[in-house]
Amino acid sequence: MCVPDLRLICEIMLVAEGFLEAKPLSRKFITLYTLCKELLSKQDHYDWGLRAIKSVLVVAGALKRSDRERPEEQVLMRALRDFNTPKIVADDTPVFLGLISDLFPNLDVPRKRDSEFEKCVKLAACDLKLQPEENFVMKICQLNELLGVRHSVFIVGDSGTGKTKMWKTLFKTYQNQKLKPAYTDLNPKAVTNDELYGIINPATREWKDGLFSNIMRDTANSPGDGPKWIILDGDIDPMWIESLNTVMDDNKILTLASNERIALNPEMKLLFEISNLRTATPATVSRAGILYINPEDLGWNPYVTSWVETRENSTEKANLTILFDKYIPTLQTAISQKFKKITPIPGICHVQILCSLLSALITPSNVPSDAPKELYELFFVFVAVWAYGSSMFHDGSTDYRAEFSKWFTHEFKSVKFPLGLSVFDVWVDPVAGEFVTWNDRLPKFELDS
């Protein structure tokens, strides 16, 4: 099989983008991608092929033309670092940055930042009652940069890492900038392949339009030159994603079974919101930009802060903030290292359950506005036990519910549980202000004579 000479292709494209030192820079470029392929972990969303090379070179050319005085080595180094960092997982980031510094020694080029745009992103996050954390804002800026280069982008990350909030915040930013954006979202796994793209009836030869083909046609024909997004929120499946290959590559055309061809307008973008690319082929991965969101990028703090801000009582806010800081870091660490759950649950989901239960239980009837902080802690501990311990199960010789109960009472001694009882055997009596057994909650049964 004929293998393309990547270094020569890279050199020619660098010359086409206006670089004078194309030969040594192309050698460094290809060396970096070869080392990344060999030294970084094997992730489904990594692509170090020709399409990825072309995208970075387009970015490098744009950076060179916008900053003509900067040395070419610095321009290429910045493009390689800033364009690839969004898809690198947390464990691989030090290795990747080490390779960059080895190939471009003594170069420390700051990331190109648009302070005005970042200010707009923070304002949009506040409008949506979100926390404008540094990492959150940076990921949204990276998404905006990817959409400027690629017309198809995969937002990859586990459940609860903030994928939806990121594109919605960027959408709100565009609205605040009066760009008149529009989006349509759908779950491609909710319908069959024929319902998604359309089908010709074999008996009557009648064409029945599909959901995606209809949305794409309407979006292409809609007036206005603002950003238009089609959000596909669902697992990647070769059965439906392979049909989008011609849309995702440079053809930008959807060809239907009826021989109709729908072209993607310059302002139209495809956004895929997915948890992984395990079942995607290399051909699919290489056709789109990747924004990977690590679970550590945001963590649980922004979610808790946003939830606490919805509470009205200032005393309640202060007490809850102290309790979250006291219990959650220890629980999050323990739940991921010491115990087995009956089904995998991301750490952020435990926090979401905890906040939902607190919303239901911390009411004026249960916790008056002048309630002591001890009553807040009782309810918080009761809710934390069920938010984190309810998914434990009996695994052969080990009863993880019992193990969790022992660990919890030993770790957090400020709240006293009744002796001889598990943490799951009690509830909070708001009148007495203490833990009582569930048996006390049940009415006495008397058999009718």
Side-chain angles (χ1 to χ4, degrees), residues 32-33 35-49 51-56 59 78-100 111 121 130 133-171 229 231-237 241 244 248 269-300 302-303 336 344 346-349:
L32 175 68
Y33 268 38
L35 290 171
C36 285
K37 197 182 293 185
E38 293 170 358
L39 299 179
L40 299 190
S41 61
K42 305 299 178 193
Q43 300 289 332
D44 298 314
H45 64 270
Y46 283 176
D47 172 42
W48 309 107
R51 280 196 181 97
I53 290 170
K54 182 193 171 223
S55 297
V56 176
V59 172
R78 177 189 265 177
L80 284 166
R81 184 196 60 203
D82 294 351
F83 192 76
N84 286 304
T85 305
K87 70 180 177 186
I88 304 290
V89 299
D91 292 340
D92 286 340
T93 302
V95 181
F96 177 74
L97 294 177
L99 290 173
I100 290 269
R111 179 172 162 262
V121 170
L130 302 174
E133 299 265 325
E134 188 64 34
N135 279 343
F136 185 68
V137 173
M138 187 181 74
K139 285 291 178 186
I140 292 167
C141 292
Q142 288 174 346
L143 176 59
N144 183 56
E145 289 165 7
L146 276 172
L147 288 170
V149 181
R150 298 283 193 109
H151 60 278
S152 302
V153 174
F154 289 130
I155 307 175
V156 187
D158 293 338
S159 176
T161 50
K163 301 189 295 292
T164 303
K165 295 300 180 188
M166 281 179 188
W167 68 256
K168 283 191 174 178
T169 307
L170 182 59
F171 186 84
W229 297 347
I231 317 283
L232 295 119
D233 185 355
D235 291 336
I236 290 288
D237 180 349
I241 194 72
L244 289 178
M248 293 166 64
K269 310 287 180 185
L270 294 181
L271 263 71
F272 299 83
E273 190 184 326
I274 50 179
S275 57
N276 59 69
L277 284 160
R278 212 167 288 140
T279 56
T281 61
T284 299
V285 175
S286 67
R287 281 174 158 84
I290 308 284
L291 179 69
Y292 183 78
I293 304 167
N294 294 284
E296 305 83 22
D297 285 341
L298 288 181
W300 55 269
Y303 180 86
S336 61
I348 187 67
C349 290

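Residues: numbered from 1 along the sequence shown. Below, all heavy atoms of this structure are taken into account, side chains as well, without hydrogens, waters or symmetry copies.
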Atom pairs and distances, side-chain donor-acceptor, residues 270-278, under 3.5 Å, sequence neighbours left out:
{"residue": "Glu273", "atom": "OE1", "partner": "Thr164", "partner atom": "OG1", "Å": "3.3"}
{"residue": "Glu273", "atom": "OE1", "partner": "Trp167", "partner atom": "NE1", "Å": "2.8"}
{"residue": "Glu273", "atom": "OE2", "partner": "Thr164", "partner atom": "OG1", "Å": "2.4"}
{"residue": "Asn276", "atom": "OD1", "partner": "Arg278", "partner atom": "N", "Å": "3.1"}

Note to self: Run the side-chain contact (heavy atoms from CB on, under 4.5 Å) test against Thr85 and tell me which residues pass, sequence neighbours left out.
What the structure shows: Arg81, Phe96
Next item on the list: May I ask you to test the Leu147-Trp229 pair for a side-chain heavy-atom distance under 4.5 Å?
Entry: yes
Note to self: Given 3.5 Å as the limit, does a donor-acceptor pair link the side chain of His45 with the main chain of Lys87, or not?
What the structure shows: yes
Note to self: I'd like to check Ile140 versus Asn144 (side-chain heavy atoms, cut-off strictly below 4.5 Å). Are they in contact?
What the structure shows: no
Notebook entry, point to check: Which residues pass the salt bridge (Lys or Arg N to Asp or Glu O under 4.0 Å) test with Lys37, sequence neighbours left out?
Noted result: none
Item checked: side-chain contact (heavy atoms from CB on, under 4.5 Å) partners for Asn135, two or more places apart -> Met138
Check: With Tyr33, which residues qualify under ring pair (Phe, Tyr, Trp, His ring centres under 6.0 Å), at least two apart?
Finding: Phe29, Trp48
Notebook entry, point to check: Any salt bridge (Lys or Arg N to Asp or Glu O under 4.0 Å) pairs touching residues 149-166, not counting sequence neighbours?
Noted result: none
Notebook entry, point to check: Does some side-chain heavy atom of Leu130 sit less than 4.5 Å from a side-chain heavy atom of Thr169?
Noted result: yes
Next item on the list: Kindly write out the residues that satisfy ring pair (Phe, Tyr, Trp, His ring centres under 6.0 Å) with Trp300, not counting sequence neighbours, or none if the list is empty.
Entry: none
Checklist line | Check: Asp92 side chain, Ser41 main-chain N or O, donor-acceptor pair, under 3.5 Å | finding: yes
Next item on the list: Output all residues satisfying side-chain contact (heavy atoms from CB on, under 4.5 Å) with Asp297, sequence neighbours left out; order by chain, then residue number.
Entry: Lys139, Ile293, Asn294
Next item on the list: Under the ring pair (Phe, Tyr, Trp, His ring centres under 6.0 Å) rule, collect the residues that match up with His151, sequence neighbours excluded.
Entry: none
Next item on the list: Identify the two heavy atoms, one from Ala280 and one from Ile236, that lie closest to each other, and give their separation to 0.1 Å.
Entry: CB-CG2, 3.7 Å
Check: Got a sec, which residues hit side-chain contact (heavy atoms from CB on, under 4.5 Å) with Asp237, two or more places apart in sequence or on another chain?
Finding: Lys189, Met239, Trp240
Next item on the list: Write out all pairs satisfying side chain to side chain donor-acceptor pair (under 3.5 Å) with one or both partners inside residues 280-292, taking only residues at least two apart or from two chains.
Entry: Arg51-Ser286, Glu242-Thr281, Glu242-Thr284, Asp249-Arg287, Thr281-Thr284
Item checked: Residues forming a salt bridge (Lys or Arg N to Asp or Glu O under 4.0 Å) with Glu38, sequence neighbours excluded -> none
